[in-house]
Amino acid sequence: MDPVIADVLDQLSEGFIVFDDRDRFVFCNETYRDLYWKVTDLLSPGTPFETIVRASVERGQFAGDAEAAAAFIERRLRLHASDFCVHEHELCDGRWLRVVERRLQNGWALGSRTDVTELKRREQVLHKTEKHFRDALDALQEGFALFDEDDHLILWNQKYRELFPLIDDLIVPGARFEDLIRSA
């Protein structure tokens, strides 16, 4: 690879990797090597993608137990073979990566890895907060429903469902207030 291009790619905060049309390693930047430090010895031209993935799992690069390893490898190989994929996985050190891979017309595969750990942490906090909020709503003795400015249902508690047992199946996100009233 041209040294200037390699230097530019090494400056990216995202990990970047390239495989040829036979899924053999061609190039990656330093960020990618830092992210997948347990397999840097395999990141040399000609190493098959599958070899790198299997070694990553065997060497504990990814979070998860041994029972899930075979399923992870199978899923990873399937995703990599597709024309385009986006997914996330957790590394052994607790970092989360968003993986984006695409196939070029010549069969080569380009991949990027973006650290989304902070986003994952915020999602976890949000989910906990939402659960506490929902538990508090369900503890109310009164029925509660919240509709948006277009009169679409966005939030309700269990008591609200109990008040309208005949239309329970219609109480779903996005249900229109008018439709609920007419059906009730």
Side-chain angles (χ1 to χ4, degrees), residues 1-135 148 154-155 173-174:
M1 170 168 283
D2 182 296
V4 173
I5 293 174
D7 189 40
V8 168
L9 292 174
D10 281 340
Q11 303 309 310
L12 296 175
S13 61
E14 291 82 17
F16 179 78
I17 191 164
V18 179
F19 289 92
D20 68 15
D21 58 341
R22 292 179 33 200
D23 277 336
R24 294 172 305 191
F25 177 87
V26 174
F27 172 83
C28 71
N29 66 357
E30 285 303 313
T31 303
Y32 189 94
R33 289 179 186 279
D34 291 343
L35 292 170
Y36 296 98
W37 54 273
K38 289 192 175 202
V39 292
T40 54
D41 61 311
L42 297 175
L43 300 178
S44 58
T47 305
F49 175 79
E50 184 171 348
T51 300
I52 295 169
V53 169
R54 289 186 182 284
S56 296
V57 170
E58 290 167 7
R59 297 176 185 182
Q61 183 73 61
F62 303 105
D65 57 23
E67 293 176 19
F72 178 87
I73 292 170
E74 180 183 324
R75 178 176 179 264
R76 194 62 198 90
L77 294 175
R78 186 180 76 258
L79 288 170
H80 180 73
S82 65
D83 288 338
F84 178 77
C85 72
V86 178
H87 62 95
E88 295 173 349
H89 59 240
E90 184 180 12
L91 298 178
C92 62
D93 62 4
R95 289 183 293 172
W96 279 88
L97 301 180
R98 174 164 290 132
V99 176
V100 178
E101 293 180 334
R102 71 180 68 242
R103 291 272 168 190
L104 302 178
Q105 287 183 348
N106 66 0
W108 285 44
L110 303 179
S112 68
R113 308 298 189 270
T114 305
D115 188 332
V116 293
T117 306
E118 186 58 33
L119 178 62
K120 284 296 205 181
R121 286 189 183 126
R122 289 179 185 176
E123 282 178 359
Q124 290 172 344
V125 168
L126 181 61
H127 287 297
K128 286 180 184 176
T129 303
E130 181 181 357
K131 183 179 179 342
H132 292 308
F133 182 65
R134 288 208 170 269
D135 289 346
D148 66 15
I154 57 173
L155 187 65

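The shortest side-chain heavy-atom distance between His89 and His87 falls under the 4.5 Å cut-off. At least one side-chain heavy atom of Val100 sits under 4.5 Å from a side-chain heavy atom of Phe84. Contact annotation: the side chain of Glu101 approaches that of Val99 to within less than 4.5 Å [non-hydrogen atoms, C-beta and beyond]. Contact check for Leu126 versus Arg122: no side-chain heavy atoms found under the 4.5 Å cut-off.
Annotation for Leu110 and Leu104: closest pair CD1-CD2, 3.9 Å, computed over non-hydrogen atoms. Scanning all heavy atoms of the two residues, the minimum distance from Arg113 to Leu97 falls at CB-CD1, 4.3 Å. A pairwise comparison of heavy atoms in Asp23 and Phe19 identifies O-CD2, 3.7 Å as the closest pair. Nearest heavy atom pair, residue His80 against residue Ala109, reads CE1-CB, 3.9 Å. Gly60 approaches Cys92 most closely through the heavy-atom pair O-CB, 3.0 Å. Taking both residues in full, the closest heavy atoms of Cys28 and Leu43 are given as SG-CD1, 3.9 Å, listed atom of the first, atom of the second, then distance.
Distance check: Cys85 SG to Arg102 CZ gives 9.5 Å after rounding to the nearest 0.5 Å. Between atom CG of residue Asp135 and atom NZ of residue Lys131 there is a gap of 3.5 Å, rounded to the nearest 0.5 Å. The line from CZ of Arg95 to CG of Leu35 is 5.0 Å long, rounded to the nearest 0.5 Å. Ser44 contributes atom OG, which lies 7.5 Å from atom CD1 of Ile52 (distance to the nearest 0.5 angstrom). Atom OG of Ser56 and atom CG of Leu42 lie 7.5 Å apart (nearest 0.5 Å). Atom CG of Asn29 and atom CZ of Phe16 lie 7.5 Å apart (nearest 0.5 Å).
Gln61 pairs by the side-chain hydrogen bond (donor to acceptor under 3.5 Å, both in side chains) definition with nothing, not counting sequence neighbours. For Val57, the side chain to side chain contact (heavy atoms under 4.5 Å, CB included) criterion is met by Phe62, Ala69, Phe72, Ile73, not counting sequence neighbours. With sequence neighbours left out, the side-chain hydrogen bond (donor to acceptor under 3.5 Å, both in side chains) criterion links Glu88 to Arg98, Lys120. Not a single side-chain hydrogen bond (donor to acceptor under 3.5 Å, both in side chains) links Lys128 to another residue, sequence neighbours left out. Every residue was checked against the side-chain hydrogen bond (donor to acceptor under 3.5 Å, both in side chains) condition with Asp148, not counting sequence neighbours, and none meets it.
The number of heavy atoms from other shown groups lying within 6.0 Å of CD (Glu74) does not exceed 12. For Arg24, the CZ atom counts as densely surrounded, since its 6.0 Å shell holds more than 12 non-hydrogen atoms of other residues, nucleotides or ligands.
Residue pairs satisfying the salt bridge (charged side-chain N to carboxylate O under 4.0 Å, His left out) criterion with at least one member in residues 40-63, sequence neighbours excluded, are listed as follows: Asp41-Arg59, Glu50-Arg54.
Remark: side-chain polar atoms of Thr117 are paired, donor with acceptor, to backbone N or O of Trp96 under 3.5 angstrom.
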- Which is it for Val18 and Trp108 under the side chain to side chain contact (heavy atoms under 4.5 Å, CB included) test, yes or no, and what are the steps along the way? CA-CA 7 Å; Val18 179; Trp108 285 44; 3.5 Å; yes
- Task: Walk me through it: do Thr51 and Phe25 pass the test side chain to side chain contact (heavy atoms under 4.5 Å, CB included)?
- Result: CA-CA 10 Å; Thr51 300; Phe25 177 87; over 6 Å; no
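Arg22 and Asp20 are not joined by a salt bridge, as no carboxylate oxygen comes within less than 4.0 angstrom of a charged side-chain nitrogen.
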